[in-house]
Amino acid sequence: MIRKFIDCRDFPSEVNCTVAIFADSEQELIEAAVQHAITVHGHEDTPELRVHLMRASKIERRRAA
């Protein structure tokens, strides 16, 4: 299974956020990350923020159990 994620530890912040958000689809990931960025970090929902988050997303490859 392949999932995408964004890890706040990859970005400098005043609150030293350690949240990582995982999702199976890029759309779901970006929506959750935007809400987190707005609520916790005080960002505005802009096209630029969404592009930045899409570029920052990474792929997690999980091994089958």
Side-chain angles (χ1 to χ4, degrees):
M1 171 186 265
I2 296 175
R3 298 191 320 164
K4 289 196 163 199
F5 72 97
I6 295 175
D7 192 333
C8 273
R9 293 174 295 182
D10 292 340
F11 307 98
S13 76
E14 294 175 6
V15 296
N16 294 318
C17 186
T18 62
V19 168
I21 301 169
F22 291 78
D24 291 340
S25 75
E26 185 172 70
Q27 181 179 0
E28 185 179 22
L29 175 66
I30 298 306
E31 290 303 320
V34 166
Q35 290 306 311
H36 174 76
I38 292 168
T39 305
V40 175
H41 299 287
H43 292 286
E44 291 185 32
D45 185 355
T46 63
E48 293 81 12
L49 174 64
R50 289 175 177 268
V51 168
H52 179 72
L53 292 171
M54 281 189 273
R55 289 181 180 159
S57 67
K58 298 178 183 177
I59 295 174
E60 174 201 42
R61 289 184 174 82
R62 301 179 86 189
R63 296 182 184 153

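Numbers here simply count residues along the sequence, with the first being 1.
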Next item on the list: Applying salt bridge (Lys or Arg N to Asp or Glu O under 4.0 Å), name anything that partners E26, two or more places apart in sequence or on another chain.
Entry: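 Here the qualifying residues are K4.
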Next item on the list: Could you pull out all residues at least two apart from R3 that satisfy salt bridge (Lys or Arg N to Asp or Glu O under 4.0 Å)?
Entry: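 R3: salt bridge (Lys or Arg N to Asp or Glu O under 4.0 Å) contacts with E60.
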Check: Once you round to the nearest 0.5 Å, how far does NE2 of H43 lie from CG of D45?
Finding: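 Going from the NE2 atom of H43 to the CG atom of D45 covers 11.5 Å.
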Checklist line | Atom pair CZ (R50) and CD (Q27), whose distance is rounded to the nearest 0.5 Å | finding: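 Rounded to the nearest 0.5 Å, the CZ-CD separation comes to 9.0 Å.
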Minimum heavy-atom distance [X]-[Y], with the two atoms named:
{"X": "K58", "Y": "D10", "result": "NZ-OD2, 2.9 Å"}
{"X": "A33", "Y": "I21", "result": "CA-CD1, 3.8 Å"}
{"X": "I6", "Y": "L53", "result": "CD1-O, 3.5 Å"}

Check: Residues in side chain to side chain donor-acceptor pair (under 3.5 Å) with D7, at least two apart?
Finding: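 D7 satisfies side chain to side chain donor-acceptor pair (under 3.5 Å) with R9 once adjacent residues are dropped.
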Notebook entry, point to check: Going by the angle between their ring planes, with limits at 30° and 60°, are H36 and H41 parallel, tilted or perpendicular?
Noted result: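 Perpendicular.
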Notebook entry, point to check: Please walk me through it: do L29 and M54 pass side chain to side chain contact (heavy atoms under 4.5 Å, CB included)?
Noted result: CA-CA 9 Å; L29 175 66; M54 281 189 273; over 6 Å; no
Check: Quick one: do F11 and F5 end up in the same hydrophobic cluster if we chain Ile, Leu, Val, Met, Phe, Trp and Tyr together by side-chain heavy atoms under 4.5 Å apart?
Finding: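 Unlinked, F11 and F5 end up in two clusters.
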Margin query: For residues I30 and V40: do they belong to one hydrophobic cluster (side chain heavy atoms under 4.5 Å, members Ile, Leu, Val, Met, Phe, Trp, Tyr)?
Written below: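 In one cluster: no.
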